[in-house]
Structures are given as structure tokens and as C-alpha cells.
Amino acid sequence: MNTVTSIIDLQTTLNRWRAQGKSIGFVPTMGGLHKGHLSLIDIAKKNANKVVVSIFVNPTQFAAHEDFDTYPRTIDADLTTLSSSQTDLTFIPSASDIYPNDLAFNQDEFIHDKYLFEILCGKTRPHFFYGVLQVVRRLFDIVRPDIAVFGQKDYQQLHIIKRFTSGVKIIEAPIIRDSKGLAMSTRNQYLNENEHKIAPQLYKTLTKIAQEKLDKKSAIQQLQIHFKLDYLEILDANTLKQISNNTRKIAILCAVFLGSTRLIDNIIKG
Ligand code: PAF
């Protein structure tokens, strides 16, 4: 596996592969790699000849009060992990390569779809999905992949990327959980021993809703025993709007705080 930091070096390799008729799969990450990321890479390899993984902690998706400065930056461990994965090329750009001019992102384009950016995680993180879309579009412009893989765990992110990017086939990867059911996330590193024991209660509660053993009101009460609830919503999985007669698939989506760590999880059913 090769590692490049400049766009020129990245594109030299990509152009060579394209000239050989190889398709390009892409897995954008912010590092802090875990088994969830490895599953995205495996899926990319099944759907493309070559796999590029980027590691870039994107400043525009963090608000000033969030954990940009302390977000796990574990490049050495990440490169070791990637070297025994299906990754062919790792791209570690600098912020000035990604944002050569400034960090501004014009949101006018989304004026009619603002609700998608403002519901669920967008309520507590109003800047977040604009920042994600900004960096994903920029990375797509640089890498020009045939396919890109994103996890179902970040369901609203996945939905927005599918809706507002073009020219790249977006593949959805299932949530990878630990043996207790906790969805893999880089931020799980923030949990202490006791919080690690409590965290799986989130998935347990969502499972009971999916099995229709618990209604929303009782589920909220159950979650509040263990967590500070951010939201619990049961929506149409295709539109992220309220369930209607046209709903074919439902999304049970939840975010909670455990101490200072924010956990998100979901179950898609139907
Ligand atoms: O899901 C993530 O890790 C990030 O939001 C992404 C898609 C790499 C954009 O920075």
C-alpha cells in the first residue's frame, strides 16, 4: 500500500490505474480507524479494482465548541491497520490542499431542502452536514472515484451525500457492532470503563422498538435512565420525513449523550 499527501501524486497514480482500465473505489475517513472502517474498505474492494482511503479531519464539520482539536489523530496506527487491509492507496491531504481559498461553503443551493440539514443531528450540530457535504464533494472532485462507500451508522450523512452529490455511485455499508451491540465509532474511545458497560443499552432499546416491544414514549423513558437524550425519531427511511401511507421502510434514529460523549445509532426496517 502506498501513501501520498499531495494531490499531484494521488492523481498520477489514479491516472495510471484508469489508463489500465481499473475502476476506483473510495472510502473517505477522518482516521481513528476501527473495524467499521475496515468493513467499508472490504465493500469498496468488492465493487472496484482499486481502493483509495483518505484520512482528513475536516475542520468545517466541527463547531467551535466541538472536539476538532482533541479528535483522535492516530496516523501511525491507522497506516498499520491499512497496510493489512484491502487498501491500495492512502491519501492524507493537508487542509490547504482541500481548502486552497477559504472555508466558506455556499448554502443557497439547499434552500428548499434545508430541513434535511436541520433535523435530527442537524438540530444540535447545525453546521455539520454542510461541512460534510463540502469536504465529500471536494474529495470526489480530487479522487473522481467510480464508487464510494459510507456507513449506515451515519444515516443522515449517508442520505444527504446520496441526495446532493452526483457522478459517483454511493454504496451503503451495514453497521458494524461490538460483541455487546455498540455500533463502532471513533468516538467510542472517549468512553470510560463504566460508560462502555452502559453504551450497549442504546442498541438494546432501538431493537425493542424495531421488534414492536416498546413504543416511542416508553423507549424515551428507558433511554433516559442511562443517557441524556438528544433525539429519538421514527421516520420514513427514504425521505427522513414523518411516516405516511407511502412509507415502505422506516428508520429508527437516535442520538444520546453518555457523559460528554455523543453516541448515534439507528435501525432501518422494512
Ligand atoms: O463519516 C466520516 O468519517 C466523515 O463525516 C467523512 C464522511 C469522512 C467526512 O469528513
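In each ligand, atom 1 is the first atom listed, and ligand 1 is the first ligand listed. Computed from heavy atoms alone, side chains included, the values below leave out hydrogens, waters and symmetry copies.
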Show me, pair by pair, the donor-acceptor contacts under 3.5 angstrom made by side chains of residues 113-122, not counting sequence neighbours?
| unit_1 | atom_1 | unit_2 | atom_2 | d |
| --- | --- | --- | --- | --- |
| D113 | OD1 | R163 | NH2 | 2.6 |
| Y115 | OH | T239 | O | 3.4 |

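- Considering T80, T74, T81 as possible partners of D78, the one that fulfils the side chain to side chain donor-acceptor pair (under 3.5 Å) test is T74.
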Below 3.5 Å only, please: the N or O atoms of ligand 1 paired with protein N or O atoms, distance on each line.
| unit_1 | atom_1 | unit_2 | atom_2 | d |
| --- | --- | --- | --- | --- |
| ligand 1 | 1 (O) | Q157 | NE2 | 2.9 |
| ligand 1 | 5 (O) | Q61 | NE2 | 3.0 |
| ligand 1 | 5 (O) | Q157 | OE1 | 2.8 |
| ligand 1 | 10 (O) | Q61 | OE1 | 2.7 |

Sequence neighbours left out, cut at 3.5 Å: what donor-acceptor pairs do the side chains of residues 138-148 make with other protein atoms?
| unit_1 | atom_1 | unit_2 | atom_2 | d |
| --- | --- | --- | --- | --- |
| R138 | NE | I98 | O | 2.8 |
| R138 | NH2 | D97 | O | 2.8 |
| D146 | OD2 | I24 | N | 2.6 |

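- No side-chain donor-acceptor contact under 3.5 Å links K22 and Q20.
- Residue pairs meeting the side-chain hydrogen bond (donor to acceptor under 3.5 Å, both in side chains) criterion with at least one member in residues 261-270, sequence neighbours excluded, are T124-R262, Q152-N266, R177-D265, E212-K269, D230-R262.
- Using modelled atom types and a 3.5 Å distance limit, the side chains of Q86 and K46 yield no donor-acceptor pair.
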